[in-house]
Amino acid sequence: MIAFAITAAVAMGMYLIFTAGSGNIGYWSLSELIAAVGLGVVTGAVTKEFLCHRHEYRMANPLRFLLIPVYVIGPFFLEMMKANLDVAYRVLTMKIRPGIIRVKSGMKTDLGAFMLANSITLTPGTITVDIDEATNDLFIHNINLPEGDEEKEFFTGEELFALANLPAWIRRIAE
Amino acid sequence: MIVEALILLCLVIGVAFNALGVLGLLRFPDLYTRMHATTKATTFGSIFTSAAVVVYGAWIFLATGDSQFLTLLIHALIAIVALAFTNAVSSHALARAAHKSGILPHPAVVDRLAEVKP
Amino acid sequence: MTVIWEPLPYWYPAVAALVVLIGASTIRLVKGPTPADRAVAVDAVNTLVIASMVLLAVIYRQIIFVDIAIVYAVLSYVSTLYIAKYLGGEM
């Protein structure tokens, strides 16, 4: 029942976002509001087992999912800016020293590992190549490994980010 | 006037980073380094060119109150979110598949993944 | 209610530059030594096509172009995932 309600609410919200600006009840027309309710109920009934297949409702807490835009606009965008200046420098000078390293992520949930992997892909000098699904360890291709770092067996997530502590943010959101 | 300059700035930054990404795609020596260029630089550049459209939509919506421009703004924002999310995931999938199919990083100082899964 | 879409001259050179970049990416698409290189080039072309579609929506004054860009983004994502599965030997 909770799974159905959450899925229906998410689907309805998505539909309302897509059709904003269609009329003058708020920003919606009456027919779009009726269609949103109808489609939300149908989508919730059909796909409730996909969105909530673990039956964990931790992410339904508004404090958690409203933190995601704050995270994306604030620390994540800063790191992304630095990443792109770094890539621009590497493209123009071709000073590269690539290698694949292993990072202990320390994430306990799938969503945490997923968000950390995507954040790593879009931030300085690193893309995620593979995830060890048993331990949530990440294998990361680093474009410019500092001298001597190829001897290290493991890295921690915090060592990859210079400007902001992204793993702590992700832990706050997802765990 | 200021808004027009802001739109122009967004477009210039976006096109410049897209150009750097494509240049990296053409210049870098192996698959993984090329992926660095395409994933990061083209995603960032496309976010900025779409942000120009978002700024334009917000500007005219606030000036005229026409809800058509609210639709333009929101849909451009959704396009940005879809772009950033799908690019990160698909580049990860491609890198994983390439490493599985036996393409090793050619100039590389260390490869921990090949040690774990030979 | 008539709408005035302000004629801004600088959308055109931006789209022209993106089209030139799409052309440049196809060099890697033709040259790429391995299939994975070609897949990466296709991914870059997809991203640039989405960016230019969002700009074309303003030039041609059609909001539906942005919706098409969203659908294109999702479909190209699915196709890239299938190409990746095929390259990784899981299919």
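Here is how names work: the chains are called A, B, and so on, in the same order as the sequence lines, proteins then strands, and each is numbered from 1. Owing to the predicted nature of the structure, the values given are computational and were not obtained by experimental measurement.
In summary, A/K82 and A/D86 do not engage in a salt bridge, as defined by a charged side-chain N under 4.0 Å from a carboxylate O.
Only the side chain of B/I47 comes within contact range of chain A, with at least one heavy atom under 4.5 Å from a heavy atom of that chain. With a 4.5 Å cut-off on non-hydrogen atoms, B/T33 touches chain A through its backbone and its side chain both. The contact between B/H75 and chain A is made entirely by side chain atoms (from C-beta outward), counting heavy-atom distances below 4.5 Å. Contacts between A/F77 and chain B at a heavy-atom distance below 4.5 Å involve the side chain alone, from C-beta outward. Proximity to chain A (any heavy atom under 4.5 Å) is restricted, for B/I74, to the side chain, taken from C-beta onward. Looking at A/F114, only its side chain comes within 4.5 Å of chain B, counting heavy atoms on both sides.
When the candidates A/N118, A/V91, A/N84 are compared by the number of heavy-atom contacts under 4.5 Å with chain B, A/N84 comes out ahead. With chain B as the partner, the residue from A/I17, A/V87, A/I127 showing the most heavy-atom pairs under 4.5 Å is A/I127. Contact tally against chain A (heavy-atom pairs below 4.5 Å) for B/K40, B/K100, B/R96: the top residue is B/K40.
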Next on the checklist: Please determine whether side-chain hydrogen bond (donor to acceptor under 3.5 Å, both in side chains) holds for the pair B/H99 and A/H141, giving the CA-CA distance in whole Å, both sets of side-chain angles, and the decisive distance to 0.1 Å.
Outcome noted: CA-CA 11 Å; B/H99 205 282; A/H141 183 268; over 6 Å; no

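A/Y15 places no side-chain N or O within donor-acceptor distance of the main-chain N or O of A/V10, the cut-off being under 3.5 Å. Judged purely by atom type and a 3.5 angstrom limit, B/S91 uses its side chain to pair as donor or acceptor with the backbone of B/A88.
When all heavy atoms are compared, the tightest approach of A/A117 to A/T128 is O-OG1, 3.0 Å.
Residues passing the ring pair (Phe, Tyr, Trp, His ring centres under 6.0 Å) test with B/F28: none are found, sequence neighbours excluded.
Judged purely by distance below 3.5 Å, without hydrogens or angles, the side chains of B/N87 and B/T43 pair a donor atom with an acceptor atom.
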